[in-house]
Enquirer: 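Dropping the structure in here first, questions after.
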Amino acid sequence: MVSTEKYKNLANSDHPATLIYLVDISGSMGAAMPDGRTRIEAVKDVIQISYTQMIQRSLRQGKIHPRYRVGMVAYSDDIYDVYGKLGSIITVDRLKDEGVPSITPHKGTNMAKAFRYAIKLIQDDIISWSERWLNECPPPMVINITDCEYGEETQDPAEFAKQLKEISVPDGNVLVENIFITDQITLSSQNINDWNGYRVSESTGDPYGDKLLAMSSRVPAGYAQIMSEQAGLKIREGTAMMFPGVSQEFIKTGFVMSMVTGSQIKGPQFRSRYEEDDGEESTVEEQKQATRITKEKVEREAAEKSQYKAMELEAKRKMEREENQKIAREKTKYEAKKSKSLKISVAYPKLISKGSQSTFLFYLYLPDSHLGVQRSIRKANLQILENLKDPEKILEEQVEQASHIKLGQKVKVEFTSHAFLFTKNEILQELHQAINEYRFSATPTDNCKEGVHEILVLISDAKTGYQIESLTIRAKVVDYAFDHVSHPMLSRVSAVVLGVGSFAMFILTSLEQIDKTVGLTSGTAAGVFALGIYASFYNLYQRVRPNTP
């Protein structure tokens with residue numbers, strides 16, 4: 001319960017009122033209100049009116065005195081300290097120069113982050129207050145303007161609103177006011193002069209409204225008197241500082257509440273020496289002058305805004321023109337490429353071993369992309385060496401020829417040969433790239449003989465089946481017995497070894513030497529020796545190729 005012994009300090013230039021506005025700029029604030037304006041536009045208009053009233057109340061003999069100190073934090077997914085570059089909280093004379101900030105709706109709503117930032121802002125500010133300010137300034141006030149459509153996944157702002165209300169100065173705790181921008185709320189009267197506010201224990205008829213109501217402070221008695229005198233509002237005892245923003249008049253009343261400590265009060269119980277320090281209220285002429293200055297500023301800002309929108313529109317149109325020109329250039333380039341015929345290229349290993357699978361790279365490419373094809377082949381060879389560690393798989397042969405194939409055509413490519421089995425012997429592809437690469441894997445058939453064999457590459461139209469181009473390549477098949485030794489080579493080596501054995505036998509016979517160790521004639525020893533060599537090679541040959549006769 002707010003103590004009636006507090007909240008009696010009134011603001012002037014020696015001990016100003018500190019107001020922190022939290023402005024919701026989430027995407028939902030771009031929704032339209034009943035009068036056709038968006039929620040954010042209605043808020044900006046009332047901020048302009050409030051700034052004008054602050055300036056008028058602070059005007060004395062043509063000079064603006066710092067009766068108010070104002071901070072503003074705009075928030076969506078993140079927070080934006082509007083006057084952060086000027087120290088976050090600025091005096092009303094600086095406010096005249098800065099004017100209403102340019103705020104536009106953004107993404108989501110993180111209200112908790114805004115309240116958490118306000119806690120730090122006020123705590124850091126109070127630490128810098130002089131002893132006189134601590135004793136004579138009214139407590140800071142935080143005014144949250146929102147449609148309260150915050151994300152459920154974010155932290156609960158009520159927790160931080162409670163922490164704010166627990167911060168205190170000698171004249172009382174920080175006050176938290178909420179202005180709920182909505183048309184989905186229950187009102188006792190649609191007329192602002194007959195509306196008597198919400199008590200904390202009441203329901204607004206809207207869950208978000210009830211949330212903000214629970215987060216709001218109660219209106220101090222002195223503030224209620226000012227609202228009654230200056231705004232004609234019928235505030236009841238226990239009324240919460242929560243105002244429904246169903247129209248501009250209701251929103252404006254919420255802003256009036258934020259400025260009450262800078263107002264003059266007729267009741268003698270609220271008069272003090274502080275009012276005398278500021279002198280008399282501004283004259284009618286001074287107020288007219290302030291209104292005229294503010295009106296000129298608004299008109300100037302409106303003209304600047306209109307000019308900015310025109311520049312923004314022109315910049316947008318320029319970007320669209322440049323984008324269209326870029327698209328047209330790309331289209332022209334593509335059409336020019338389409339008019340060119342593609343070349344055909346096939347890269348494959350120089351030798352293909354029986355029982356082993358080899359890679360064939362097939363390309364359809366624009367003639368000026370030849371270097372790109374070569375780079376692609378080198379990259380494929382590096383991958384082959386890295387993955388297989390088999391130099392025999394390297395793509396060493398390349399066959400190229402011109403064609404009548406164009407970009408944009410959809411073709412069918414087939415590899416066919418009696419000597420090879422292809423794991424993927426055809427592809428269907430629409431040609432859009434400067435380099436169109438495809439991979440085929442080939443394995444020699446079991447009955448394939450060693451030597452050069454032809455492979456026919458057929459390219460036809462995928463829609464009609466009409467053959468467009470053909471290409472013949474010749475691949476050499478080898479039959480390795482082991483490592484890089486082929487079966488024919490193994491036979492020749494065996495013949496040489498047998499010949500050497502026979503020659504050795506002839507030498508031993510000619511010399512007529514007898515191996516006395518085993519008691520055999522030289523002829524018998526040589527025969528046994530030659531027979532052993534022959535048997536060894538024959539067994540080896542049979543293991544490698546069991547069907548050898």
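Basis for what follows: all heavy atoms, side chains included, without hydrogens, waters or symmetry-related copies.
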Enquirer: What is the minimum heavy-atom distance between Lys406 and Leu431, and which atoms define it?
Expert: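 Scanning both residues, the minimum pair turns out to be O-CD1, 4.0 Å.
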
Enquirer: Are Asp206 and Thr204 close enough that a side-chain donor and a side-chain acceptor fall under 3.5 Å?
Expert: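 Distance-only check fails for Asp206 and Thr204.
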
Enquirer: Check Val411 against Ile405 and note the closest heavy-atom contact, atom names and distance.
Expert: CG1-CG2, 4.2 Å

Enquirer: State, with a plain yes or no, whether a side-chain heavy atom of Ile119 is found less than 4.5 Å away from one of Ile167.
Expert: yes

Enquirer: Which value, rounded to the nearest 0.5 Å, describes the distance between Lys44 atom NZ and Ile47 atom CD1?
Expert: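 Answer rounded to 0.5 Å: 8.5 Å.
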
Enquirer: Tell me if a side-chain donor or acceptor on Thr38 pairs with a main-chain N or O of Glu41 at a distance below 3.5 Å.
Expert: yes

Enquirer: Quick check against the 3.5 Å criterion: does Ser369 have a side-chain atom that pairs as donor or acceptor with the backbone of Tyr365?
Expert: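 Side chain of Ser369 to backbone of Tyr365, a donor-acceptor pair under 3.5 Å: no, none is there.
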
Enquirer: Are Phe160 and Lys165 close enough, and set up right, to give a side chain to side chain contact (heavy atoms under 4.5 Å, CB included), and what steps lead you there?
Expert: CA-CA 9 Å; Phe160 300 103; Lys165 291 188 285 186; over 6 Å; no

Enquirer: Spell out, as yes or no, whether a donor-acceptor pair under 3.5 Å connects the side chain of Asn324 to the backbone of Ile327.
Expert: no

Enquirer: Report the C-alpha distance between Leu134 and Ile126 in whole Å, list the side-chain angles of each, state the deciding distance to 0.1 Å, and finish with yes or no for side chain to side chain contact (heavy atoms under 4.5 Å, CB included).
Expert: CA-CA 8 Å; Leu134 283 171; Ile126 291 176; 4.1 Å; yes

Enquirer: Measure the spacing between CG of Leu364 and CD1 of Ile459 and express it to the nearest 0.5 Å.
Expert: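 It is 5.0 Å, given to the nearest 0.5 Å.
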
Enquirer: Out of curiosity, Asp77 CG to Asn110 CG, how far, rounded to the nearest 0.5 Å?
Expert: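 One finds 7.5 Å between CG of Asp77 and CG of Asn110.
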
Enquirer: Less than 4.5 Å apart, side chain to side chain, heavy atoms only: is that true for Ile435 and Val373?
Expert: yes

Enquirer: Just by modelled atom types, is the Lys8 backbone N or O under 3.5 Å from a matching donor or acceptor in the Asp171 side chain?
Expert: yes

Enquirer: Closest heavy-atom contact between Leu22 and Ala118?
Expert: CD2-CB, 4.2 Å

Enquirer: Counting only heavy atoms from other residues, nucleotides and ligands, does the tally under 6.0 Å from CD of Glu322 exceed 12?
Expert: yes

Enquirer: Verify the distance criterion only: is there a donor paired with an acceptor across the side chains of Ser376 and Tyr363 at less than 3.5 Å?
Expert: yes

Enquirer: Quick one: do the Asp147 and Thr182 side chains pair a donor with an acceptor below 3.5 Å?
Expert: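 No.
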
Enquirer: Can you tell me if Ser13 and Arg67 form a side-chain donor-acceptor pair at under 3.5 Å?
Expert: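 No, no side-chain donor-acceptor contact under 3.5 Å.
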
Enquirer: Where the side chain of Ser26 meets the backbone of Ser76, is there a donor-acceptor pair that is under 3.5 Å apart?
Expert: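 Absent.
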
Enquirer: Within this structure, what is the CE-CD distance for the pair Met241 and Glu177, rounded to the nearest 0.5 Å?
Expert: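 It comes to 5.0 Å.
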
Enquirer: Show the numbers, then the answer: is there a side chain to side chain contact (heavy atoms under 4.5 Å, CB included) between Leu212 and Met215?
Expert: CA-CA 5 Å; Leu212 292 177; Met215 292 166 55; 4.2 Å; yes

Enquirer: Taking the side chain as everything from C-beta on, heavy atoms only, tell me whether Leu187 gets closer than 4.5 Å to Tyr198.
Expert: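 Heavy-atom side-chain distance check passes, below 4.5 Å.
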
Enquirer: Checking Glu437 against Arg439 for the salt bridge (Lys or Arg N to Asp or Glu O under 4.0 Å) test, could you report, in this order, the C-alpha distance in whole Å, the side-chain angles of both residues, the deciding distance, and whether it holds?
Expert: CA-CA 7 Å; Glu437 175 187 307; Arg439 296 195 177 205; 3.6 Å; yes

Enquirer: Would you say Asp125 and Trp129 are linked by a side-chain donor-acceptor pair, where the criterion is simply a distance under 3.5 Å?
Expert: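 Per modelled atom types, Trp129 and Asp125 side chains form a pair under 3.5 Å.
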
Enquirer: Give me the one residue out of Tyr51, Tyr21, Phe243 that meets ring-ring contact (aromatic ring centres under 6.0 Å, His included) with Phe255.
Expert: Tyr21

Enquirer: Checking Trp133 side chain against Asp14 main chain: does a donor-acceptor pair fall under 3.5 Å?
Expert: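 Looks like yes, one N/O pair under 3.5 Å.
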
Enquirer: In this structure, are over 12 heavy atoms from other groups packed under 6.0 Å from Gln433 atom CD?
Expert: no

Enquirer: For side chain to side chain contact (heavy atoms under 4.5 Å, CB included), just list the numbers for Thr109 and Tyr75, CA-CA rounded to whole Å, side-chain angles, deciding distance to a tenth of an Å, and then say yes or no.
Expert: CA-CA 7 Å; Thr109 309; Tyr75 64 91; 3.8 Å; yes

Enquirer: Answer yes or no: is there a side-chain heavy-atom contact under 4.5 Å between Pro138 and Thr18?
Expert: no

Enquirer: Asp156 and salt bridge (charged side-chain N to carboxylate O under 4.0 Å, His left out): which partner among Lys211, Lys162, Lys113?
Expert: Lys211

Enquirer: Using atom types as modelled and distance alone, determine if a side-chain donor or acceptor of Tyr68 lies under 3.5 Å from a backbone N or O of Thr91.
Expert: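 Pair absent, no side-chain N/O of Tyr68 close to backbone of Thr91.
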
Enquirer: Establish, from distance only, whether the side-chain atoms of Arg116 and Gln155 form a donor-acceptor pair under 3.5 Å.
Expert: yes

Enquirer: Is Lys316 paired with Glu314 through a side-chain N to carboxylate O contact shorter than 4.0 Å?
Expert: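 Answer for the salt bridge query: no.
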
Enquirer: Locate the shortest heavy-atom distance separating Gly197 from Thr239; write the atom from each residue and the value.
Expert: CA-CG2, 3.9 Å

Enquirer: What's the spacing between Ile145 CD1 and Ile40 CD1 if we round to 0.5 Å?
Expert: 9.0 Å

Enquirer: For Ile251 and Ile179, work out which heavy atoms get closest and say how close.
Expert: O-CD1, 4.1 Å

Enquirer: Are Lys63 and Asp93 close enough for a salt bridge, meaning some N to O gap below 4.0 Å?
Expert: no

Enquirer: Tell me, do Val23 and Met72 make a side-chain contact under 4.5 Å, heavy atoms counted?
Expert: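 Yes, side chains in contact.
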
Enquirer: How about Arg57 and Met259: do any of their side-chain heavy atoms sit closer than 4.5 Å?
Expert: yes

Enquirer: Kindly compute the distance separating CG (Asn9) from NE2 (His15), expressed to the nearest 0.5 Å.
Expert: 7.5 Å

Enquirer: With side-chain hydrogen bond (donor to acceptor under 3.5 Å, both in side chains) as the test, would you mind laying out the steps for Asn144 and Thr146 before giving the verdict?
Expert: CA-CA 6 Å; Asn144 179 38; Thr146 179; 5.0 Å; no

Enquirer: Would you say Val174 and Pro139 make side-chain contact, with heavy atoms under 4.5 Å?
Expert: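 They are not in contact (no side-chain heavy atoms under 4.5 Å apart), so the answer is no.
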
Enquirer: Which heavy-atom pair separates Phe180 from Ile185 by the least distance, and what is that distance?
Expert: CD2-CD1, 3.6 Å

Enquirer: Is any side-chain heavy atom of Ile49 less than 4.5 Å from a side-chain heavy atom of Lys252?
Expert: yes

